[in-house]
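Single-structure report; data block below.
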Amino acid sequence: MIGIFDSGLGGLTGLCELRRRLPLCDIVYFGDTGRIPYGTKSASTIIRYSMQDMAFLSTFGIDAALVACGTASSTALDELRQRYSIPIFGVIDPAAKDAVAVTRTGRIGVIGTPTTIKSGSFERAIKHLDKSIEVTAVACPLFVHLVEDGFTTPGDEVTRAAARRYLEPLAGKVDVLILGCTHYPIISWAIEEALPGVRLISSGRSAADALADAVGKTQSGSGSVRCYVSDSPEGFEAAAGVFLDGIDVGKAEQIDISKY
Ligand code: DGL
């Protein structure tokens, strides 16, 4: 069984990719909807939250985990790996590897939450693979709220204007852009409009691929998916549908994450 967590529903984009790659693996998903956003909080708070999220998932006896959150992957991965002996995948290294593999100009853009960008995690991972690559990183704090609040319909004027404003510094400078937050693929239409011709790398997809490649052979369940959230599950199905591209994950159950 694979455990996945995110600060909210954005990690469902990773779940979706994993389900496509490994249709028979059993998945348990936790979205910390009661404490989102993580992306504006300090590293120490995110580490504490991530430890609790992982402790909850561990009660299911998971044998691998996906930290489907750019912010938690940027700040808490080392601590999680020190505490748990199962394979734990974050979104940083897999996305960096995919971006380095496809850039033609050697100029890669990264967008993410303020905490992710401040951490320099993607830049480090890219430079580790190829020192010569030029990285431009931009924080896009409003994007998570636009996605969680449903401003996702292609053509939405608010999202379009936010994307134009945030992405202006990247226009004409990069040929590949890492969506360093798992919420962002939902508004990729606005990102593509603001940066025409730029190749987008979904960090959740890269991470799900890396995880599937590493542990796929050991996962043979019944393809079950259980979802848990830390705030009211009311409206979960409708909200989750935006991220799931037709995959049915049923209802979510609310848990008290402070107990873990
Ligand atoms: N999904 C989280 C990430 O990938 C962003 C949401 C948040 O700020 O909590 O960073």
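Just follow the structure's listing: the first ligand is 1, and inside any ligand the first atom is 1. The residues of the chain are indexed from 1 along the displayed sequence. If you're wondering where the values come from, they're calculated on a predicted model, not measured in any experiment.
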Exercise. Compute the minimum heavy-atom distance from G8 to ligand 1 and say whether it is under 4.0 Å.
Key: no

Exercise. Provide the number and element of each atom of ligand 1 under 4.0 Å from a heavy atom of D6.
Key: 1 (N), 2 (C)

Practice problem: May I ask you to check if ligand 1 and T40 share an N or O to N or O distance below 3.5 Å? | Solution: no

Quiz item: What pair of heavy atoms forms the shortest contact from G109 to L170, and how long is it?
Solution: CA-CD2, 4.3 Å

Exercise. Name the option, out of S7, P37, A72, that contains the heavy atom nearest to atom 6 (C) of ligand 1.
Key: S7

Quiz item: For ligand 1, which atoms, with element, lie under 4.0 Å from some heavy atom of Y38?
Solution: 7 (C), 8 (O), 9 (O)

Quiz prompt | ligand 1 contact on V144 by region, counting heavy-atom pairs under 4.0 Å | solution = side chain

Quiz item: Between G10 and ligand 1, is there a nitrogen or oxygen pair with a distance under 3.5 Å?
Solution: no

Quiz item: Is a side-chain donor-acceptor pair under 3.5 Å present for Y38 with D32?
Solution: yes

Exercise. Check Y29, Y228, F5 against F60 for a ring-ring contact (aromatic ring centres under 6.0 Å, His included) and give me the one that passes.
Key: Y228

Quiz item: So is there a nitrogen or oxygen of C181 less than 3.5 Å from a nitrogen or oxygen in ligand 1?
Solution: no

Practice problem: Taking only heavy atoms of I36 into account, list the atoms of ligand 1 that are under 4.0 Å away from them. | Solution: 9 (O)

Practice problem: Using a strict 4.0 Å cut-off to heavy atoms of H183, name the atoms of ligand 1 that fall inside it. | Solution: 1 (N), 2 (C), 5 (C), 6 (C)

Quiz item: Does any N or O atom in T113 lie less than 3.5 angstrom from one in ligand 1, N or O only?
Solution: no

Exercise. Report the nearest protein non-hydrogen atom to atom 8 (O) of ligand 1: residue, atom name, distance rounded to 0.1 Å.
Key: G39 N, 2.8 Å

Practice problem: Pick one of side chain, backbone, both or neither for how T71 approaches ligand 1, counting any non-hydrogen atom pair under 4.0 Å. | Solution: both

Exercise. Report yes if the side chains of V229 and F236 come closer than 4.5 Å at any heavy-atom pair, otherwise no.
Key: yes

Exercise. Starting at OG of S7, measure out to CD of E148 and round the result to the nearest 0.5 Å.
Key: 7.0 Å

Quiz item: Checking side chain to side chain contact (heavy atoms under 4.5 Å, CB included) for the pair D213/R21: CA distance, chi angles, key distance, verdict?
Solution: CA-CA 9 Å; D213 288 344; R21 286 285 314 271; 2.7 Å; yes

Exercise. With side chain to side chain contact (heavy atoms under 4.5 Å, CB included) as the test, would you mind laying out the steps for M1 and V28 before giving the verdict?
Key: CA-CA 7 Å; M1 178 177 277; V28 54; 3.9 Å; yes

Practice problem: Can you label the angle between the F56 ring and the Y260 ring as parallel, tilted or perpendicular, going by 30° and 60°? | Solution: perpendicular

Quiz item: So, R35 and D53, do they make that salt bridge, N to O below 4.0 Å?
Solution: yes

Practice problem: May I ask you to identify the nearest protein heavy atom to atom 3 (C) of ligand 1, giving residue, atom name and distance to one decimal place in Å? | Solution: G70 N, 3.2 Å

